[in-house]
Amino acid sequence: RTSTAPGIRDWKAVAVSAAGNVIIAAAADGTVWRTSRNQLVQNTGNLGWVQSNVGGGSNSWTSIAMNRLGSVIWLVGNNTHLYLSQDAGQTFVQVPITVTVPNLGNISSPFNFSNIATDNLGNNTVATVEPSSNSSNLSFIAKSFISDGAVYNQWSWGWGRTGYYPYNNIVNGSWTGLAVSSNAATVYAVNNDPSSGGLYVSQDNASNFYWTGGVK
């Protein structure tokens with residue numbers, strides 16, 4: 001089926017709920033679009049898309065994450081804060097975060113986010129950050145693991161290479177992929193750094209990651 005409104009754009013991210021009834025797509029030009037199966041335009045076979053006003057339409061988006069129902073949606077981009085929707089993409093709120101880096105101190109968004117992933121409920125969420133001045137030129141993984149689904153701005157350092165002992169192995173390549181299990185207890189991340197890139201896996205809620213040999 002073809003869209004009725006978004007047209008040809010530099011599309012960067014798309015997410016769909018488990019039942020396929022909520023779909024969100026984002027482009028590099030800052031636009032975000034949503035639709036659902038019940039918006040199927042009668043007799044045309046086309047989906048009716050609605051543009052969401054997120055961040056003033058000026059952000060270059062990179063990734064979207066959605067819970068199983070499509071009710072909780074995370075949106076990230078280059079030089080942005082996190083953006084969160086709790087009404088299936090009808091509205092988004094900006095979520096600035098501060099992360100405490102071991103042996104370095106606090107750093108605060110906006111960051112260059114490359115990927116974001118969340119669990120079935122949308123409670124436990126993981127994001128990858130690329131090097132930039134705001135991130136102290138670090139490439140790292142941040143996480144938000146909460147039990148009640150109520151506090152979404154409490155993010156912490158998940159894993160990364162800071163240049164300070166004992167976190168002194170530098171990985172400055174781009175995080176090209178991120179995936180989490182149904183409860184986000186297991187996390188996979190891939191990095192394209194020429195020397196230290198490869199597939200990394202965590203089985204302790206993104207607290208520690210280990211390089212998986214043989215797939216570099």
Side-chain angles (χ1 to χ4, degrees), residues 11-26 32-38 52 54 61-77 80-93 95 97 99 109 111 113-130 139-160 171 174-192 197-215:
W11 297 106
K12 294 297 184 180
V14 66
V16 60
S17 63
N21 61 323
V22 178
I23 308 168
I24 302 287
V32 179
W33 302 81
R34 60 183 173 85
T35 190
S36 63
R37 284 196 311 206
N38 61 11
S52 297
V54 187
W61 305 114
T62 56
S63 185
I64 301 171
M66 183 182 296
N67 70 348
R68 190 176 186 278
L69 297 177
S71 55
V72 176
I73 301 168
W74 287 99
L75 180 65
V76 296
T80 67
H81 300 288
L82 296 162
Y83 284 83
L84 172 66
S85 174
Q86 294 177 276
D87 56 11
Q90 295 184 62
T91 59
F92 283 82
V93 296
V95 183
I97 66 170
V99 176
S109 61
F111 297 139
F113 292 99
S114 51
N115 302 277
I116 192 163
T118 194
D119 67 6
N120 279 350
L121 298 178
N123 287 350
N124 302 322
T125 308
V126 182
T128 54
V129 176
E130 306 302 318
S139 174
F140 65 92
I141 298 173
K143 64 175 183 175
S144 174
F145 277 71
I146 54 180
S147 59
D148 58 6
V151 182
Y152 285 97
N153 63 346
Q154 294 181 357
W155 285 68
S156 62
W157 172 267
W159 182 87
V171 176
S174 294
W175 296 104
T176 54
L178 180 69
V180 302
S181 61
S182 60
N183 62 356
T186 301
V187 182
Y188 285 94
V190 286
N191 188 289
N192 67 1
L199 175 64
Y200 288 84
V201 59
S202 171
Q203 294 181 298
D204 58 3
N205 306 109
S207 295
N208 296 282
F209 280 80
Y210 300 93
W211 179 70
T212 302
V215 297

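Starting from 1, each residue takes its place in the sequence as its number. These numbers come from the heavy atoms of this one structure, side chains and all, not from hydrogens, waters or symmetry mates.
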(message) Which heavy atom of Val22 sits nearest to which heavy atom of Gly70, and what is that distance?
(response) CG1-O, 3.9 Å

(message) Looking at Gln203, I'd like to know if its CD atom is crowded, meaning that more than 12 non-hydrogen atoms belonging to other residues, nucleotides or ligands lie closer than 6.0 Å.
(response) no

(request) Please round to the nearest 0.5 Å and tell me the distance separating atom CD of Gln86 and atom OG1 of Thr91. (result) 8.5 Å

(message) Could you tell me if the side chain of Tyr188 sits less than 4.5 Å from the side chain of Val190, heavy atoms only?
(response) no

(message) Taking the side chain as everything from C-beta on, heavy atoms only, tell me whether Ile97 gets closer than 4.5 Å to Phe111.
(response) yes

(message) If we check side-chain contact (heavy atoms from CB on, under 4.5 Å) with Val187, which of these qualifies: Val201, Ile141, Asn124, Leu178?
(response) Leu178

(message) Testing the basics here: between His81 and Ser109, what is the closest heavy-atom pair and its distance to 0.1 Å?
(response) ND1-OG, 2.7 Å

(message) Taking the side chain as everything from C-beta on, heavy atoms only, tell me whether Leu121 gets closer than 4.5 Å to Asn67.
(response) no

(message) Show the nearest heavy-atom pair for residues Ala15 and Met66, with the distance to one decimal.
(response) O-CE, 3.6 Å

(request) Can you measure from OG (Ser174) to CG (Asn191) and round to the nearest 0.5 angstrom? (result) 7.0 Å

(message) Keeping Ser85 on the side-chain end and Ile73 on the backbone end, is there a donor-acceptor pair under 3.5 Å?
(response) no

(request) Could you tell me whether the side chain of Thr125 reaches within less than 4.5 Å of the side chain of Trp155, counting heavy atoms only? (result) yes

(request) Could you tell me whether the side chain of Asn153 and the main chain of Val95 form a donor-acceptor pair under 3.5 Å? (result) no

(request) Could you check if a side-chain atom of Thr118 sits within less than 4.5 angstrom of a side-chain atom of Val72, using non-hydrogen atoms only? (result) no

(request) Give, for atom CG of Leu199 and atom CH2 of Trp211, the distance between the pair rounded to the nearest 0.5 Å. (result) 10.0 Å

(request) Please name the pair of heavy atoms, one in Gln90 and one in Arg34, separated by the smallest distance, quoted to 0.1 Å. (result) CA-NE, 3.5 Å

(request) Say whether Asn205 and Ser207, considering side chains only, have a donor N or O and an acceptor N or O under 3.5 Å apart. (result) no

(request) Would you name the heavy atoms of Ala206 and Val126 that are closest together and state the gap between them? (result) CB-CG2, 4.3 Å

(request) Identify the heavy atoms of Trp11 and Ala25 that sit nearest to each other, and give their distance. (result) CZ3-CB, 3.9 Å

(request) Using side-chain hydrogen bond (donor to acceptor under 3.5 Å, both in side chains) as the criterion, list what pairs up with Asn120, not counting sequence neighbours. (result) none

(request) Keeping the roles fixed (side chain from Ser63, backbone from Val76), state whether a donor-acceptor pair exists under 3.5 Å. (result) no

(request) Output the distance between atom CD1 (Ile64) and atom CD1 (Ile116), rounded to the nearest 0.5 Å. (result) 10.5 Å

(request) Determine whether Lys143 and Ser156 make a side-chain contact, defined as any pair of heavy atoms from C-beta on separated by less than 4.5 Å. (result) yes

(request) Hey, could you give me the OG1/CH2 distance between Thr62 and Trp175, rounded to the nearest 0.5 Å? (result) 15.0 Å

(request) Please round to the nearest 0.5 Å and tell me the distance separating atom CZ of Phe92 and atom CG of Leu82. (result) 12.0 Å

(message) Trp74 and ring pair (Phe, Tyr, Trp, His ring centres under 6.0 Å): which single residue from Phe113, Tyr152, Tyr83, Trp61 fits?
(response) Tyr152

